[in-house]
Amino acid sequence: AVRQMRWSKEHGAVAVFMRPLDKDKSLIDESFYPIYEEAQNLDLSMAVHIANGSDTHAELYHAAGEGSPALPFTLFRTPTVTSTMLLLMSDIKNLFPKLRWGIIEASAQWVPWIYNEAARRIMLKGVEVPSDLFEQANIYITCQTDDDLPWVLKYTGENCLLVGTDYGHGDPSSDVDATVQIRDYEGISDGSKDNILYHNPKKLFALDMEGKAVRSAAE
């Protein structure tokens, strides 16, 4: 995996895809630490998509919810949400302080719940809970246009939320006009919209937007 990451970085990659569950291992399993270390060295982000690499987990929900419209949520989105909780509570943010995490296509409506759950457990350790909990852990979260963004922003802060369009897929997360809808979203400031649409994705993926614009103009 490390060799592939180096090759991919040389060919333009900006992130490493990770599943929240991979067989019997979660994101915070120490066997993944060499990947995280190399990603940090290469300035690649870790992109945690909704997915499930655990046969046991998949069989559990298939057996319990066959034919249920809730099955895709429980099978694919819930592991990503719980993995975010694990990341917040783990020491990974201290071991790899420059490593950025993108939580992709799980919406953002769950953020207040996970924030409060993590905050309670941090306080039980006698540690003060930072208001910018996600930012300190370098965790970025993609929202959907139907999320309650004023509420979500109270917990993510201004610097950790970006929009996900799922461009090219015809599923419930797909929204090809997401950028326009965020611009028209009522109840959040223009500064918040700029962060969601430009500054935060630029930071997450370490994009050289100015350099690309200059080269494009020259060409």
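From a predicted model like this one, the values you see are computed outputs, not experimental measurements.
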Inset, instruction - Give me the ring orientation class for His49 and Phe17: parallel if the planes are under 30° apart, tilted from 30 to 60°, perpendicular past 60°. - result: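 Judged by the thresholds at 30° and 60°, the geometry between His49 and Phe17 is tilted.
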Taking the side chain as every heavy atom from C-beta outward, state whether [X] and [Y] have any atom pair closer than 4.5 Å.
| X | Y | value |
| --- | --- | --- |
| Lys25 | Ser31 | yes |
| Leu161 | Leu153 | yes |
| Trp7 | Gln4 | no |
| Lys125 | Met89 | yes |
| Asn94 | Asp91 | yes |
| Arg100 | Lys203 | no |
| Trp110 | Ile103 | yes |
| Thr80 | Glu105 | no |

Treating [X] as the side-chain partner and [Y] as the backbone partner, does any N or O pair qualify as donor plus acceptor under 3.5 Å?
| X | Y | answer |
| --- | --- | --- |
| Lys9 | Val14 | no |
| Asn41 | Glu37 | yes |
| Asp147 | Cys143 | no |
| Ser192 | Ile188 | no |

Rounded at 0.5 Å granularity, tell me how far [atom1] in [X] sits from [atom2] in [Y].
| X | Y | atom1 | atom2 | value |
| --- | --- | --- | --- | --- |
| Glu30 | Leu95 | CD | CG | 8.5 Å |
| Ser45 | Ile104 | OG | CD1 | 9.0 Å |
| Ile92 | Leu27 | CD1 | CG | 7.0 Å |
| Ile139 | Thr84 | CD1 | OG1 | 6.0 Å |
| Gln181 | Asp184 | CD | CG | 8.0 Å |

Inset, instruction - Taking the six-membered ring for Trp and the single ring otherwise, decide whether the centroids of Phe96 and Trp101 are under 6.0 Å apart. - result: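 That pair fails the under 6.0 Å test.
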Legend entry - Sole candidate of Ile141, Leu197, Thr142 that passes side-chain contact (heavy atoms from CB on, under 4.5 Å) when paired with Leu162: Thr142
Considering all heavy atoms, the nearest [X]-[Y] contact:
| X | Y | value |
| --- | --- | --- |
| Ser90 | Leu87 | OG-O, 3.0 Å |
| Tyr185 | Asp148 | OH-CA, 3.7 Å |
| Leu149 | Gln144 | CD2-O, 4.2 Å |
| Asn138 | Pro97 | ND2-O, 2.7 Å |
| Ala118 | Met85 | N-CE, 3.7 Å |
| Val81 | Ala106 | CG2-CB, 4.5 Å |

Run the salt-bridge test on [X] and [Y] with the 4.0 Å N-O cut-off and return the result as yes or no.
| X | Y | result |
| --- | --- | --- |
| Asp22 | Arg19 | yes |
| Asp194 | Arg183 | yes |
| Glu117 | Arg121 | yes |

Legend entry - Set of residues satisfying salt bridge (charged side-chain N to carboxylate O under 4.0 Å, His left out) with respect to Glu158, sequence neighbours excluded: none
For residues 126-135, which side-chain donor-acceptor pairs fall under 3.5 Å, sequence neighbours excluded?
from   : atom 1 : to     : atom 2 : distance (Å)
Asp132 : OD1    : Gln136 : NE2    : 3.3
Glu135 : OE1    : Asn159 : ND2    : 3.3
Glu135 : OE2    : Asn159 : ND2    : 3.2

Inset, instruction - Give the C-alpha distance, both sets of side-chain angles, the deciding distance and a yes or no for side-chain contact (heavy atoms from CB on, under 4.5 Å) between Trp151 and Gln109. - result: CA-CA 9 Å; Trp151 187 47; Gln109 203 73 3; 4.0 Å; yes
Legend entry - Full working for salt bridge (charged side-chain N to carboxylate O under 4.0 Å, His left out) between Lys98 and Asp43: CA-CA 8 Å; Lys98 295 182 180 180; Asp43 201 22; over 6 Å; no
Legend entry - Pairing residues for Tyr115 by the ring-ring contact (aromatic ring centres under 6.0 Å, His included) criterion, not counting sequence neighbours: Tyr155
